Asks: 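Got a structure for you, written out below as structure tokens; questions coming shortly.
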Amino acid sequence: MRMRCVRRETWESQAKELERCVFAVVGGTYRERIRPGEPLGLEYALTFPDGAASGRSATDPVERLRAAEPFLRRLDETWQSWSLNS
């Protein structure tokens with residue numbers, strides 16, 4: 001028998017995780033890359049002051065990604081930090 005550790009999620013823990021993700025995007029430490037044709041072709045990575053997180057997920061249909069390729073090639077994988085004077 002295998003025992004599994006189950007982490008109980010609360011609204012507070014989810015709010016804290018959302019805040020960490022928002023700060024990573026705003027701070028310019030969020031990266032993503034799209035690899036058309038791979039089942040889990042969307043790769044992402046976030047860097048936090050106390051660590052990092054990354055993963056992969058399914059992408060949009062291949063036709064949409066191919067149509068967006070010329071635009072996506074001009075972009076850097078790392079999102080720029082947000083200006084404080086928006």
Side-chain angles (χ1 to χ4, degrees):
M1 174 188 280
R2 270 179 79 184
M3 294 183 63
R4 293 187 338 192
C5 179
V6 177
R7 188 178 92 189
R8 185 166 177 239
E9 292 182 350
T10 64
W11 72 266
E12 290 103 344
S13 67
Q14 291 301 298
K16 184 175 181 176
E17 186 62 24
L18 176 60
E19 182 180 55
R20 284 171 42 111
C21 292
V22 169
F23 282 135
V25 171
V26 170
T29 62
Y30 174 77
R31 295 185 326 271
E32 66 182 3
R33 179 170 39 180
I34 298 173
R35 296 179 179 230
E38 292 189 24
L40 298 176
L42 174 61
E43 300 173 349
Y44 64 90
L46 300 115
T47 304
F48 312 111
D50 60 345
S54 63
R56 301 177 96 184
S57 67
T59 59
D60 283 330
V62 174
E63 310 82 51
R64 288 187 66 192
L65 293 175
R66 286 200 179 118
E69 256 182 314
F71 175 75
L72 294 173
R73 281 194 186 132
R74 295 187 306 235
L75 300 176
D76 186 18
E77 293 174 2
T78 303
W79 288 34
Q80 298 299 311
S81 59
W82 293 6
S83 168
L84 295 176
N85 301 324
S86 343

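All figures in this text were calculated on a predicted structure; none of them were measured in a lab.
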Asks: May I ask whether V26 and Y30 are part of the same hydrophobic cluster, defined by side-chain heavy atoms of I, L, V, M, F, W, Y residues being less than 4.5 angstrom apart, directly or through others?
Replies: yes

Asks: Does F48 have more than 12 heavy atoms from other residues, nucleotides or ligands lying within 6.0 Å of its CZ?
Replies: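 For F48, atom CZ is crowded (more than 12 foreign heavy atoms under 6.0 Å).
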
Asks: For E38, enumerate each residue passing the side chain to side chain donor-acceptor pair (under 3.5 Å) test, keeping only those at least two apart in sequence or located in another chain.
Replies: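 Expected list: R56.
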
Asks: Determine, using the 4.5 Å side-chain heavy-atom cutoff (strictly less than), whether F71 and L42 are members of one ILVMFWY cluster.
Replies: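 Yes.
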
Asks: Determine the minimum heavy-atom distance between A58 and L40, stating which atoms define it.
Replies: N-CD2, 3.8 Å

Asks: When clusters are formed by joining ILVMFWY residues with side-chain heavy atoms under 4.5 Å apart, either directly or through shared neighbours, do L18 and V25 land in the same one?
Replies: yes

Asks: Kindly say whether L46 contributes a backbone atom to a donor-acceptor pair with the side chain of T29 at under 3.5 angstrom?
Replies: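 Not confirmed, T29 side chain does not pair with L46 backbone.
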
Asks: Return the CD1 to OH distance between I34 and Y44, rounded to the nearest 0.5 Å.
Replies: 14.0 Å

Asks: Flag the pair E19 and K16 as a salt bridge only when some basic side-chain nitrogen lies within less than 4.0 angstrom of an acidic carboxylate oxygen.
Replies: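 Not counted as a salt bridge, because no side-chain N and carboxylate O are separated by less than 4.0 Å.
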
